[in-house]
Amino acid sequence: MACFFRRKIAAKLAKTLQQSEDVFVPALTAAPVLKKQLSQSADFRMSPETLRINGILPSSGDLQLQTENLAAQLKPDSVVEEISVRQGWIYFKLNRSLLAEKLLEPFGKGENDNFGLNSEFFETLKRGTILVEFSSPNIAKKFHAGHLRSTIIGNFIANLKQSLGNNVIRMNYLGDWGMQFGLLGAGFSRFGCTEKLKENPLQHLFEVYVQVNKEAEHSEDMKLAARDFFRQLEQHENQAMSLWQQFREITVKEYQHVYKRLGIHFDVFSGESFHQAQTQEVVRELQSRGLLKTSEKGTGVVDLSPNGDMSNICTVLRSDGTTLYITRDIAAAISRKEKYRFDDMIYVTDKSQENHFNQLFQILRTMGNSWAERCRHVSFGLVQGMKTRTGEVVFLEDVLDEARARMLHNMNQSNTTKELDNPDDTAEKVGISALIVQDFKGPLQSDYKFDWDLMLQAQGDTGVFLQYTHARLCSLMQRNEGMEAAAFNPSCLCERTGVDILQHLLRYDEVLYQSDQDLQPKHLVSFLLKLSRFVASAHRELPVKGSPPDVAQARLRLFSAARSVLASGMRILGITPVQKM
Ligand code: ARG
């Protein structure tokens, strides 16, 4: 365990410097495993800057000299075999046999889902109830690439938070209210077909929506009908409500099918419609707090400018008294706080909504809700060029189908593909992991270009490569079933390739910690890709077959640990690892 070693090194420092061990533990990080580095290199390192910040080293004087003096006071022992100073950092090299023994110990029974998660890094972490709101498509409108990003990013955040011991509520906040339902409702009576609605609901609703929008462009009658239908909805008239209800139910059912394919579930399907009534209370409260102003245009606004000169206003009420997207969001946030008593709330949408969420949080705070400080918007960039062979993507399902078809094609072309019970299912899982890794590789804020060929490369930095590595490790374990022993000889793992993997595994808890801090999946993605590359070298250089039994056993243990960490990391990303491909 990484924490075992951190403790040992910290104890050593504590003794020499007459300080508590705890101050050193967070300052120690696993040394990055560099290419071409000799396995003689160090395992952990510490920057003396952190010792200065913590008041352990004097805040002035020659830092380099102080560092060297400190390192010279630390005497090697049977655990920490070497202490050195390089480029201002103190490096610690551990006893390699002990490193292998302790690190691989937890994998004696094969799977270990907790590896890295029960690290001391997380001891001080506050746990609580976290509401993650993600996906949130709009009924009858296109499910665009932004919704796909929100879906997989939100799922990753929820998985990560859950793994770290929080109580997570996964919420989908559907765009299920607003003028578009006026159009849709009015349009359905003209262009709708109950049969088609049953057969292919999303497609049909979308068709009607497109048609009615076109019609409304030049027909005043259509516009009037739409406005009238929405008025009926706002007044909860039975007939209109029941049609709306039907649209919503059908759509949710369809979406659930897609979410299932993605391996994603929601605890709550909420939506804008749920909060329409509460918006009146919000407006009253804004009024009673003197926060609601009337603009020149007659709209209801909240003044968010620092000196109250109306230079930055947010509209919460139209001149005809109807409410807006943000008004419903204010109501929704307040009602969620009451209902779920969350400690943190995270919203996941594209960056075009940054301003919206800033305004939302600011209004909540001015209304006296101090918990708004613990609301956070995770935003992401745009995806360019998400297209299928048949053209522009309208529904998420089209992208999933295409990913599966392309993957199936690639699998059929490849001569390493195994005989599979259900090739479609494997192609589906691998295709989805390709989508996810492509999306998670860079910083979430960046835009990226959607590229089918690049994301499906078997040997590149792709989800396919992760799956391929996992399947290969599974098959290695299978071929050697029964050979793994409870005990193994750790001194058989001193080759560089093996040490690379061990040193890399030492970093896992730090990577998870970092991801938890900034909610960026890229740290975990690059960790797993690198692990897979180390595993590929180990496959070549550390054969199991034909090696003496104790060597074979030790190597199997190493591969089994790598497989287990790879699988649990993939699961946090939202990827289902395949056993065979
Ligand atoms: N339905 C919205 C859209 O597609 C996203 C909702 C985001 N969540 C929120 N609470 N406003 O743009």
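In each ligand, atom 1 is the first atom listed, and ligand 1 is the first ligand listed.
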N or O contacts of ligand 1 with protein under 3.5 Å, please list pair by pair.
residue, atom, partner, partner atom, Å
ligand 1, 1 (N), Ser136, O, 2.9
ligand 1, 1 (N), Asn138, OD1, 2.7
ligand 1, 4 (O), Asn138, OD1, 3.4
ligand 1, 4 (O), Asn138, ND2, 3.0
ligand 1, 4 (O), His147, NE2, 2.7
ligand 1, 8 (N), Glu133, OE1, 3.4
ligand 1, 8 (N), Glu133, OE2, 2.8
ligand 1, 10 (N), Glu133, OE1, 2.7
ligand 1, 10 (N), Asp329, OD1, 2.8
ligand 1, 10 (N), Asp329, OD2, 3.4
ligand 1, 11 (N), Tyr325, OH, 2.7
ligand 1, 11 (N), Asp329, OD2, 2.7
ligand 1, 12 (O), Gln353, NE2, 2.9

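Tyr173 does not carry Arg328 over the face of its six-membered ring by the limits of under 6.0 Å from the centre and within 45° of the normal.
Between Arg127 and Asp343 there is no salt bridge, since no side-chain nitrogen of the basic residue lies less than 4.0 Å from a carboxylate oxygen of the acidic one. In summary, Asp401 and Arg406 do not engage in a salt bridge, as defined by a charged side-chain N under 4.0 Å from a carboxylate O. Contact check on Asp461 versus Arg533 returns a salt bridge, with a Lys/Arg side-chain nitrogen under 4.0 Å from an Asp/Glu carboxylate oxygen.
Aromatic ring centroids of Phe206 and Tyr209 lie 6.0 Å or more apart.
Contact check for Ile346 versus Ile157: side-chain heavy atoms found under the 4.5 Å cut-off.
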